Amino acid sequence: MEQQHQNNLINHAGHAMGNMQHTKKTSMGMAGHNHHAMMIADFKKRFYVVLILSIPIILLSPMIQNFLGASWQFKGSQYLLFALSTIVFLYGGFPFLKGLLDEVKAKSPGMMFLIGFAITVAYIYSVAIVFGLKGMDFFWELTTLILIMLLGHWIEMKSIAGASKELELLVQLMPADAHMVMPEMVHDVKTDTLKANDIILVKPGEKVAADGIILEGESYLNESMLTGESKPVQKAKGDKVIAGSINGNGSIKVTVSHTASDSYLSQVIRLVDDAQKSKSNTQLLADKAAKWLTIIALVSGIGTFLFWYFTGQSLAFAMERMVTVIVICCPHALGLAVPLVVAKSTALSAKNGLLIKNRTAFENARKITTVVFDKTGTLTEGKFKVSKIVPLHKNLSETEIIRMAAALEQNSEHPIATGIMQKIKDLAIKVPAADNFKAITGKGVEAIVEGKKIMIVSPVYLKESKLAVPKDFSTNVRETVVFVIIDDELAGYIALSDEIRSESAEAIKVLKENNIKSILLTGDNSNVAKSVSDTLGMDNYIAEVLPHQKLEEIKALQSKGEFVAMTGDGVNDAPALAIADVGIAVGSGSDIAAETAGIVLVNSNPKDIVSLILFGKATHRKMVQNLIWATGYNVIALPLAAGILYKHGILLSPAAGAALMAVSTIVVAINASMLKVKNY
């Protein structure tokens, strides 16, 4: 039903859009985004045109003049009123008339059908009054109805996520050009022209243009955007590389394995696309209510007309009763019941660190039973920090150990070097110069600093050398350790870790209190995953998973009846974010995750997930309250409009019916404005 409603909205503005055909997915994504923006602009323009025309229409309406006890009638004023109202009906009402036809064709009458039917009946009846039928016209009700419904749909469309750009952003990860190695020269070519067995050169800091195997050279590659592994991976001759990963500070030559369309990244793009398409839209409560209201309105309206006409009343009286019933049932308040709450909740959420991109995802947040967390950058900070500095000699201080290490690491881009340099900056220590700098392949670096030979090495180097690992040496599985050697003597070690966010434990605790399970899903190794899971007291962890496996794990949870929310920050999370019932991206993550997800945690605070779920419940309550009010007043007003108490001298006039509509709309607006966010 929601999909039908969205399709109607898209079709309404379609006459202004043209029918451009796009062959590439990226072009389609961009076209969809522009199409959505043009639709919003179209509704906005129609709203303002109708707003301007509504002023003279309201002032010229006999009903309004009677109500105000004034008269602005002049010769031909009713024809001017007719002309202005016809413009409003045809121009302002076009989306709803088009929607009526679409819903009739789809055999699924809903809100569009009811609005279209009501404005058509009101218009035809009012035109009949102008040209001789006795009674009072409904031109001002017609105009205000169209005005409010245009406003409602404009608000609604701005709240709807619209055409997402995630596929376009995924494609942007792939560099457009590659350096192809020819027998006599290196030639730049388009990435999509690469074939299997071509050789490409990847310079330091560049993105790898194709999946392949290293032919020459070695470097550290950052694959975190693709695999979720937090540490850059050392790659040498014979190792595989993935398109889209970022090269470190070494040049490598790569033998291409296959064309761009078969690359790992392209597979991820297809997974996201398929997951997006397979995602069912939640049926809007407003549409459900509107469907019932449509049936009630049509049956009641036609029944009322037939009853009065065949019991001897005049055509004008019978028509007036029918129109009053239709006008009473017309979803002024119902049309705004959900969009007003959405607009309010979207604004409130943004102020509280929750960016709602997809309304359906937000409305579904209240149903979440399991939250699946990505580790790197979600539960953890996503960057290495020095967790401890341990000198192994009494005459050496922590400051001296980190100062010597920094001398060697100051020109490196490696994440461990970055972590050490950040610590130096925090401690405001001056770094000495290093001479005769050399890399110990795969094991560390060495240089002369202040006349001393300084080495920074990995535990592997230490095991291979004659230097013994200190007896009291122990480290957390989440930590990466480097040893500092001064003049061939072990001087100390520095431990670095991707620290768990301070808010993570509290977030998991509050989720437990609300009977919501928490599961860690990561591309990192099992030891790290278990450590993080145990530290935070999570219900379970799933480690060493690739993007397509993440998606399968989410599906497996869903098949057990769980309503799953997925949080993540990388491209590797994109398919899982798309297939999850609610996709939540952390704001510090990639644009992809943010675009694929329905909701973005702007402050990257896991505790915001709790706020999101509980705020989702509060928002849903407001929507239900509004829908009950918007439809509930019909229970009293509709029988009165139909004339059930006519014999007792009680008859609801069209003016009173319109006034009731106005009051109903105001109540809905006030109720929506009372929505509040509680932070946890």
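All values below were derived from every heavy atom in this structure, side-chain atoms included, with hydrogens, water molecules and symmetry-related copies excluded. This one's a predicted model, so the numbers in the text were calculated from it and none came from an experiment.
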By side-chain hydrogen bond (donor to acceptor under 3.5 Å, both in side chains), N515 pairs with (sequence neighbours left out) none
side-chain hydrogen bond (donor to acceptor under 3.5 Å, both in side chains) involving T255 - partner list, sequence neighbours excluded = none
Which residues share a salt bridge (Lys or Arg N to Asp or Glu O under 4.0 Å) with E553, sequence neighbours left out = none
Residues that E513 engages under side chain to side chain contact (heavy atoms under 4.5 Å, CB included), provided they are two or more places apart | K509, V510
Tell me, please, which residues at least two apart from A447 pass side chain to side chain contact (heavy atoms under 4.5 Å, CB included).
-> L408, A434, F437
Partners meeting side chain to side chain contact (heavy atoms under 4.5 Å, CB included) with N395 (sequence neighbours left out) | H393
So which of N364, V371, V564 actually passes side-chain contact (heavy atoms from CB on, under 4.5 Å) with V582?
-> N364
Among all residues two or more places apart in sequence or in another chain, which pass the salt bridge (Lys or Arg N to Asp or Glu O under 4.0 Å) test with D534?
-> K530
Test side chain to side chain contact (heavy atoms under 4.5 Å, CB included) applied to K617 - qualifying residues, sequence neighbours left out | R366, I613, L614, R621
Sorted by chain and number, sequence neighbours left out, salt bridge (Lys or Arg N to Asp or Glu O under 4.0 Å) with K517 holds for E562
Contacts satisfying salt bridge (charged side-chain N to carboxylate O under 4.0 Å, His left out) that involve residues 395-407 (not counting sequence neighbours) are E400-R403, R403-E450
Listed partners of K622 passing salt bridge (Lys or Arg N to Asp or Glu O under 4.0 Å), at least two apart | none
For K453, enumerate each residue passing the side-chain hydrogen bond (donor to acceptor under 3.5 Å, both in side chains) test, keeping only those at least two apart in sequence or located in another chain.
-> D488
